[in-house]
Number of protein chains: 2
Amino acid sequence: MAQLSDTIEKFIKDLMEEGTQVELRRNELAQHFGCAPSQINYVLATRFSVDHGYVIESRRGGGGYVRIVRMHESPEGNLLSMLLQRVGTEIDEDSAVAIIKHLLDCKLVTTNEALLMRSAVAQNALALPISAKNVLRAAVLRNMLQQVFRNVERGEKHDHV
Amino acid sequence: MAQLSDTIEKFIKDLMEEGTQVELRRNELAQHFGCAPSQINYVLATRFSVDHGYVIESRRGGGGYVRIVRMHESPEGNLLSMLLQRVGTEIDEDSAVAIIKHLLDCKLVTTNEALLMRSAVAQNALALPISAKNVLRAAVLRNMLQQVFRNVERGEKHDHV
DNA sequence: ACGCTAGAATAGTCAGAGAAAGTCAAAAGA
DNA sequence: TCTTTTGACTTTCTCTGACTATTCTAGCGT
């Protein structure tokens, strides 16, 4: 039996579907699910954190709201934003490999990591018509780039995956 | 009379019947057999380990559960093929993450590699309708798994990407 | 009109209760 | 001896409620 939090998470993700952000009233949502308003904050904190690739913006007071934005770009990082720009919304396999090689050259990733990234954007990983493949490859690569740079910037070791 | 553990093992296997997985409440099951809850863990550890061809996924707290997934028919298959089978042709994000975690637990990948894999199969890496997402995620994950095991099996260092 | 203030309408934070599941070592049994 | 079983303790996850913080608006005094 799914927990309330799971239900709310799914509800929000369904709302976002396609779009890159969604705006809602915390109290309305809580009422809709018959729970405490702070429950919404709990869901946001545990399922829509930065680690999960989301940013939350909100405003209190009359006409207040909570906006959930799916991240596509991290604010810092010059190389990252350059690479992201180069990736754009679609990219062919050769160019993707070139970028990955570049990361390897810069020692931003290990050989194993590069091979993993390579395998994620390979032709056969993307079972779709060619044009769609390129769009998808770009999306996957962008996500991985952001991951690589998260590590670089924070210099942290995460224990959770 | 057979040991309690044997009885519980049989009970669980009966539950699985033809299906490939079963979900249960640890405490309920313990109550049903009138034993300590940790007894269930013992059964899982000794009869449903990865070596036996099963993967356990679980969650604590309210609405917690234990999910037992059978990964293969013949116990001789290697881990890769078991995992590939588990992935199948489509897979949701949570299950994908569980598999990646498993690789990390087995020390088959580093934390960074796991995070990379995680980012390649995340919701926002796959810009498609939900049902298609799962299919695509499976394809990408399968490819990465094969890459991971190429490294393991050969124990080689590649220099080209 | 203009600025101030009080109150209403929102959202955020945090600590605590409760509900699972996990761990581990010692006791019991085969 | 080796496996099973138990129970005390730990960790994780969910949910709530009391309290806090922010923002908007209407009304008031000048």
Side-chain angles (χ1 to χ4, degrees), chain A residues 1-13 15 21-52 54-69 158-161, chain B residues 1-13 15 21-52 54-69 92-95 97-98 100-102 104-106:
Chain A
M1 174 194 52
Q3 288 306 105
L4 218 206
S5 290
D6 297 329
T7 311
I8 297 175
E9 175 189 3
K10 182 160 188 316
F11 183 84
I12 293 174
K13 285 187 172 164
L15 277 185
Q21 70 176 68
V22 65
E23 197 171 301
L24 43 86
R25 305 318 223 46
R26 186 182 79 147
N27 287 349
E28 266 182 22
L29 199 55
Q31 185 128 56
H32 182 262
F33 286 102
C35 64
S38 54
Q39 174 76 29
I40 306 302
N41 295 84
Y42 174 72
V43 174
L44 295 180
T46 57
R47 273 92 159 156
F48 295 90
S49 68
V50 172
D51 281 354
H52 287 86
Y54 295 86
V55 173
I56 307 296
E57 296 165 21
S58 69
R59 224 166 90 189
R60 310 185 187 192
Y65 60 81
V66 175
R67 182 155 54 220
I68 303 163
V69 184
H158 306 237
D159 277 341
H160 67 284
V161 179
Chain B
M1 170 189 145
Q3 297 289 275
L4 218 207
S5 289
D6 297 330
T7 311
I8 296 175
E9 175 188 3
K10 183 161 188 318
F11 182 84
I12 292 173
K13 286 186 171 163
L15 274 186
Q21 71 176 68
V22 65
E23 196 172 302
L24 44 87
R25 306 320 224 42
R26 187 183 77 148
N27 287 349
E28 266 181 22
L29 198 56
Q31 185 129 57
H32 182 262
F33 286 103
C35 64
S38 54
Q39 173 78 30
I40 306 301
N41 295 83
Y42 176 72
V43 174
L44 295 180
T46 56
R47 273 98 160 155
F48 295 89
S49 68
V50 171
D51 287 349
H52 289 86
Y54 295 87
V55 172
I56 307 296
E57 296 166 25
S58 69
R59 215 163 96 182
R60 308 186 188 192
Y65 60 82
V66 174
R67 183 155 55 219
I68 304 162
V69 185
D92 65 42
E93 188 170 2
D94 285 349
S95 303
V97 169
I100 294 169
K101 267 193 182 132
H102 183 63
L104 188 58
D105 288 345
C106 295

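Worth knowing before you read on, the calculation uses all heavy atoms, side chains too, and leaves out hydrogens, waters and symmetry mates. Letters A, B, ... are given to chains in the order of the sequence lines, protein chains preceding strands, and every chain is numbered from 1.
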Length of the line joining Ile56(B):CD1 and dA20(C):P, which is rounded to integer Å: 19 Å
Taking for Ser5(B) and for Ser5(A) the nucleotide of DNA chain D with the nearest heavy atom, the one nearer the 5' end belongs to Ser5(B)
Indicate, with a heavy-atom threshold strictly under 4.0 Å, whether Gly61(B) touches base, sugar-phosphate, or nothing. base
Any side-chain heavy-atom pair of Gln3(B) and Thr7(B) under 4.5 Å: no
Heavy-atom side-chain proximity of Ile12(B) to Leu24(B) below 4.5 angstrom: yes
Specify the separation, in whole Å, of atom CD of Gln39(A) and atom P of dG12(C). 14 Å
Contact boundaries on DNA chain D for chain A, cut-off under 4.0 Å to non-hydrogen atoms: dC13(D) to dC24(D)
Review item, nucleotides 23-29 of chain C N/O atoms under 3.5 Å of protein N/O:
none

Go through the structure and list residues passing side-chain hydrogen bond (donor to acceptor under 3.5 Å, both in side chains) with Ser49(A), not counting sequence neighbours. His52(A)
Look at all strands and tell whether Gly62(A) reaches a base, only sugar-phosphate, or nothing, counting heavy atoms closer than 4.0 Å. base
Under 4.0 Å, heavy atoms only, any strand: does Leu4(A) hit a base, just the sugar-phosphate, or nothing? sugar-phosphate
Determine whether Leu15(A) and Phe11(A) make a side-chain contact, defined as any pair of heavy atoms from C-beta on separated by less than 4.5 Å. yes
Cut-off 3.5 Å, no hydrogens considered: what does the side-chain donor-acceptor table look like for residues 55-68 of chain A, sequence neighbours left out?
unit_1   : atom_1 : unit_2   : atom_2 : d
Glu57(A) : OE1    : Arg67(A) : NE     : 3.1
Glu57(A) : OE1    : Arg67(A) : NH2    : 2.9
Arg67(A) : NH1    : Glu23(A) : OE1    : 3.0

Contacts of Gly34(B) and Cys35(A) projected onto DNA chain D by closest heavy atom; the upstream (5') one is Gly34(B)
If the condition is ring-ring contact (aromatic ring centres under 6.0 Å, His included), which residues does Phe48(A) pass it with, not counting sequence neighbours? Tyr54(A)
Neighbour count >12 (heavy atoms, 6.0 Å) for atom NZ, Lys13(B): yes
Measure from CZ on Arg67(A) to P on dT10(C) and round the result to the nearest Å. 17 Å
List, one per line, each side-chain donor-acceptor pair under 3.5 Å for residues 30-38 of chain B, sequence neighbours excluded.
none

Can you work out whether Glu57(A) or Tyr65(B) has the more 5'-proximal nearest nucleotide on DNA chain C? Glu57(A)
Rounded to whole angstroms, how far apart are CD1 on Ile40(A) and C1' on dT10(C)? 14 Å
Would you mind building the protein contact string for nucleotides 2-7 of chain C? One character per nucleotide, 5' to 3', B for base within reach (heavy atoms under 4.0 Å), S for sugar-phosphate only, - for untouched. ------
Distance check, rounded to the nearest 0.5 Å: Leu29(B) atom CG versus Ile8(B) atom CD1? 6.0 Å
Taking atom P of dG12(C) as reference, at what distance in whole Å does atom CZ of Arg59(A) sit? 13 Å
Mind calculating the distance between CZ (Arg25(B)) and P (dA19(C)) to the nearest angstrom? 12 Å
Among residues two or more places apart or on two chains, list those pairs meeting salt bridge (Lys or Arg N to Asp or Glu O under 4.0 Å) that have a residue in residues 24-48 of chain A. Asp6(A)-Arg47(A), Glu9(A)-Arg47(A)
If only side-chain N and O atoms of Asn27(B) are considered, is one of them under 4.0 Å from the OP1 or OP2 phosphate oxygen of dA21(C)? yes
What is the separation between atom OH on Tyr42(A) and atom P on dC14(C), rounded to the nearest whole Å? 16 Å
